[in-house]
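Notes follow the structure.
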Amino acid sequence: MSKLSYEDKINIYNERKQGNSVINISKRYDVRKDVIKYLIRLIDKHGYDILRTSKNRIFTKEEKERIINRVLINNESACSVAIDEGLLSQGMLQNWIKKYNDMSYNIVERKRGRSPTIMRKSNKAKKTETIEEENERLKKENLYLKAELEYSKKLRAVVQARKNQQKKKK
């Protein structure tokens, strides 16, 4: 299925209002029939302005909860609620309801951008350990670093000795 442009959506609406069948429009634009039916109902209710091309509409937690409650508590159909609220697809509302049920009836805003997972893990580890545990961890780390330093010194000495032997042979 291809993503429809603003012009495609307007053309689909105009073709349907001229009497073309949903099946023919569906084949022409390579879109499911229910998407076309939803688009027609959405434009009938809200007009062409609902097909904005600039920015996506961002819903607050309160708005999402109110919309979800209309479906779950008031037993309204998801499709009619999505059209009333002006959602660009019925799938948006279905996803919200699914996440709402999965998150134990809490609405969690999706954080945008990359999450700093490495920093979070290290901060949590430091907060939970006691002073004695931290001292023990630091002692072990110190011993490891000392051993690593000794190893690198010996390796450097071996490499230097080999270079000196090669110079003497020439």
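Starting from 1, each residue takes its place in the sequence as its number. Worth saying up front: this structure is predicted, and the values here are computed from it rather than measured.
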Side-chain touch [X]/[Y], heavy atoms, less than 4.5 angstrom:
{"X": "Lys9", "Y": "Val31", "value": "no"}
{"X": "Val35", "Y": "Tyr29", "value": "no"}
{"X": "Leu42", "Y": "Leu88", "value": "yes"}

Can you pull the side chain to side chain donor-acceptor pair (under 3.5 Å) pairs that have at least one residue in residues 66-77, sequence neighbours excluded? Arg66-Glu85, Arg70-Glu76, Arg70-Asp84, Arg70-Glu85, Ser77-Ser80
Gap between atom [atom2] of [Y] and atom [atom1] of [X] - 0.5 Å precision:
{"X": "Lys37", "Y": "Ile83", "atom1": "NZ", "atom2": "CD1", "value": "12.0 Å"}
{"X": "Leu39", "Y": "Ile12", "atom1": "CG", "atom2": "CD1", "value": "6.0 Å"}
{"X": "Arg32", "Y": "Tyr38", "atom1": "CZ", "atom2": "OH", "value": "12.5 Å"}
{"X": "Phe59", "Y": "Leu93", "atom1": "CZ", "atom2": "CG", "value": "9.5 Å"}
{"X": "Gln165", "Y": "Lys163", "atom1": "CD", "atom2": "NZ", "value": "13.5 Å"}
{"X": "Ile40", "Y": "Ile36", "atom1": "CD1", "atom2": "CD1", "value": "7.0 Å"}

So which atom in Arg16 and which in Ser21 form the shortest heavy-atom distance, rounded to 0.1 Å?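 For Arg16 versus Ser21, the nearest heavy atoms are NH1-CA, 4.0 Å.
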If you look at every heavy atom in Arg41 and Cys79, which pair is closest and at what distance?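 Heavy-atom minimum between the residues: NH1-SG, 3.4 Å.
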Looking at Glu65 and Lys61, is any side-chain nitrogen of the basic one under 4.0 Å from a carboxylate oxygen of the acidic one? no
More than 12 non-hydrogen atoms from neighbouring residues, nucleotides or ligands closer than 6.0 Å to CD1 on Ile23, yes or no? no
Set of side-chain contact (heavy atoms from CB on, under 4.5 Å) partners for Glu136, sequence neighbours left out: Lys140
Can I get a per-line list of side-chain donor-acceptor pairs under 3.5 Å for residues 142-160, giving both atom names and the distance, sequence neighbours left out?
unit_1: Ser152; atom_1: OG; unit_2: Glu148; atom_2: O; d: 3.4
unit_1: Ser152; atom_1: OG; unit_2: Leu149; atom_2: O; d: 2.8

May I have the step-by-step check of side-chain contact (heavy atoms from CB on, under 4.5 Å) for Val71 and Tyr100, ending in yes or no? CA-CA 12 Å; Val71 174; Tyr100 184 71; over 6 Å; no
